[in-house]
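As the structure lists them, so they are numbered: ligands from 1, and atoms in each ligand from 1.
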Amino acid sequence: MLRLTAGAAAGAALPMAGLTGCSSDSSTETATPLDPAEPDPSITPIPLPIPEMLVGSVINLEMRPGQRELIRDKMTPTKGYNGDYLGPTLFLRSGTDVSLNVTNNIGVSTTTHWHGMHVPALMDGGPHQRIEPGDVWTPSFPVLNRAATYWYHPHPHAGLGQGVIFDPMSTGYQVYEGLAGMIIVEDGTSDALPLPRTYGEDDIPLILQDRRFHDDGALLHFPTDFDPTRDPALRKGGHFLVNGVEAPFLEVGAQVVRLRILNASNARIYNLGFSDDRTFFQVASDGGFLRAPVPLSRLLLSPAERAEILVDFGSDQGTTLKLRSFNRNLGTSLVPFPLQDAWDTADFDLLDITVGPARSNAVLTIPAGLTTIDPIPEAEAVNLASARPFELAANPFGINGKRMDMNVIDDRIRLGDTEVWEITNPTTQAHPFHVHGDSFQVLTRNGFTPPENELGWKDVVLVRPFETVRIVKRFHDYADSVNPYMFHCHILEHEDVGMMGQFVVEDGAP
Ligand SMILES: [Cu+2]
C-alpha cells in the first residue's frame with residue numbers, strides 16, 4: 001500500500017525550504033485505496049456532470065461555500081461559483097461586451113481572474129483586484145479573444161512570509177477548495193468550422209483535478225506529517241476528479257466528439273491518451289484553433305493548459321474505453337524523484353467512455369484544415385537582440401532572483417510593442433509559465449521549433465528542467481501604467497510562495 005506523502009527522501013534539496021509551520025490538520029490521511037495502476041472496483045461509475053451554461057451580456061457569479069460528494073459516499077466541504085463546487089461554463093461571444101458581477105461570500109478576501117482573456121489590467125482579476133468578504137466586483141470588457149477554451153479562478157496573493165501556502169487567502173488554497181470554471185469563446189471562425197458544437201452532447205468540457213482527502217471526506221491540503229522544510233509543498237493526490245467527480249462515465253455517440261480539456265489541478269501534469277492507444281486530433285491550444293488537426297496518441301497537459309481534441313468514435317458503437325493519464329513513462333523528466341508522488345510515474349484512469357448510437361446531428365469526419373495562424377515575425381520584436389529574461393530559479397525561489405512583491409513592478413513594456421521573452425529553467429522540475437494579458441506564440445524550445453500542437457496561440461508554456469523557451473507576444477490595445485498584469489508559474493503553490501512577477505503596459509516612452 002502506498003502512502004500519499006510525496007518526497008519522502010530525506011535531505012532532498014527542495015525549493016520550499018525555509019517555510020515552516022504546518023496546517024492544523026488533525027485527522028488521519030486517507031490511505032491510497034490501491035496501487036495507482038489498479039482500478040478501484042469499489043467505485044461505481046456515475047455520469048459525468050456537465051457544468052451549467054451561462055450565456056448573456058450580464059453574468060452573475062457568487063463565490064460561496066458548499067458541500068459535494070466528490071468521492072463516493074463522503075460529503076466534502078467545498079467552495080464554488082453559483083454552486084457547491086467548480087462553477088458554470090461562461091459562453092462569451094467575440095466582439096460583444098460582457099459585464100460580470102462577482103460576489104464574494106466565501107468569508108475571506110479573494111479575486112477572480114479571467115485566465116487567458118485579453119482584458120484591461122484593471123479587469124483582469126489578478127491579486128490587486130481584491131474582492132473583500134460580502135463585496136461585489138463588477139468588471140466589464142469587450143470580448144476580443146479568439147474562439148477557444150479559457151477559464152476563471154481566484155488569484156489572490158496572500159503575501160510573503162512563513163506559512164503562506166496554508167493561508168486561506170492564497171490561490172492554491174482557494175482553487176483546491178473548488179473555485180474554478182470554464183469559459184468558452186465563440187467567433188466567426190468557430191461558427192464556420194464543421195466541428196461538434198452541442199455543449200454536453202458532442203462538445204464536452206473536461207475539468208481535470210487531483211485531490212487528497214481525510215477519512216471524513218474533508219479535503220486534505222497537506223498530510224499531517226507534512227514538513228515543508230523537507231517535503232515538496234504541492235497539493236497533489238491520488239483521487240482524480242473530472243468536473244468534480246471521481247471516476248465518472250460519459251456516454252457518447254458513434255461519431256466525432258470534441259473534448260475541451262482543462263487542467264485545473266494545482267500541480268499535477270497529465271500525459272493523456274486512451275486505453276486503446278487510439279489516435280486523436282488536437283484542434284485548439286490555449287488561445288485558439290491550430291492550423292489543422294494534429295494527430296496525437298499522447299497529450300501532455302500541465303497546470304492551466306487547455307486543449308480541444310476530436311475523437312472519432314464512429315466505428316466504436318457498443319464499446320467502452322478509458323481516458324487515461326500515461327504518467328508511467330514520464331520518469332523523472334518533469335518531476336524529479338524527491339518531488340514525485342506515486343502518480344507522477346504511474347498510469348491512472350480519469351473517465352470511462354461508453355459509445356452508443358450516433359446522434360441525429362452527428363459530425364462524422366475530422367476536418368482537414370481549421371484556420372490560418374500568422375506567425376508573429378521575430379523581426380517585429382523590439383528586443384530581438386536581447387530578449388527579456390525570466391529565470392525560474394529555486395534558490396532563491398522566484399523569478400529573476402526575486403519573490404513576488406505586490407509593491408514592485410518588475411517589468412515595464414511599451415504599448416504597441418512586440419517582445420521576445422526568454423524563459424529559462426535551471427531547476428530539476430518543470431514549471432508551467434503563464435502570462436496575463438493576451439496569448440503569445442512559442443518560438444523555440446532549446447533553440448528548436450516546438451511540436452506542431454504548440455505552434456498556435458498559448459498562454460501557458462511548460463518549461464522543462466534545464467530548458468530555455470522563447471516566446472513572442474504583442475502588447476496591444478490596453479495600457480495602464482499603474483495596474484499590472486502578472487507572469488508566473490502556474491503550479492499554484494509555486495505562485496503562492498512567490499514564483500510570480502508583475503508588468504505594466506505603458507502608453508508612451510518606457
Ligand atoms: Cu513552478
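- When all heavy atoms are compared, the tightest approach of E506 to A479 is C-CB, 4.1 Å.
- For residue C489, an N/O/S atom approaches the Cu ion (ligand 1) to within less than 2.8 Å.
- Between D410 and R388 no salt bridge is recorded (no basic side-chain N to carboxylate O distance below 4.0 Å).
- When distances from the Cu ion (ligand 1) to the N, O or S atoms of H494 are compared, ND1 comes out shortest.
- Remark: aromatic rings of H488 and H157 are distant, center separation not under 6.0 Å.
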Inset, instruction - Could you please spell out the steps behind the side chain to side chain contact (heavy atoms under 4.5 Å, CB included) verdict for L299 and N453? - result: CA-CA 9 Å; L299 169 67; N453 62 331; 4.0 Å; yes
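- H431 contributes atom ND1 as its closest N/O/S atom to the Cu ion (ligand 1).
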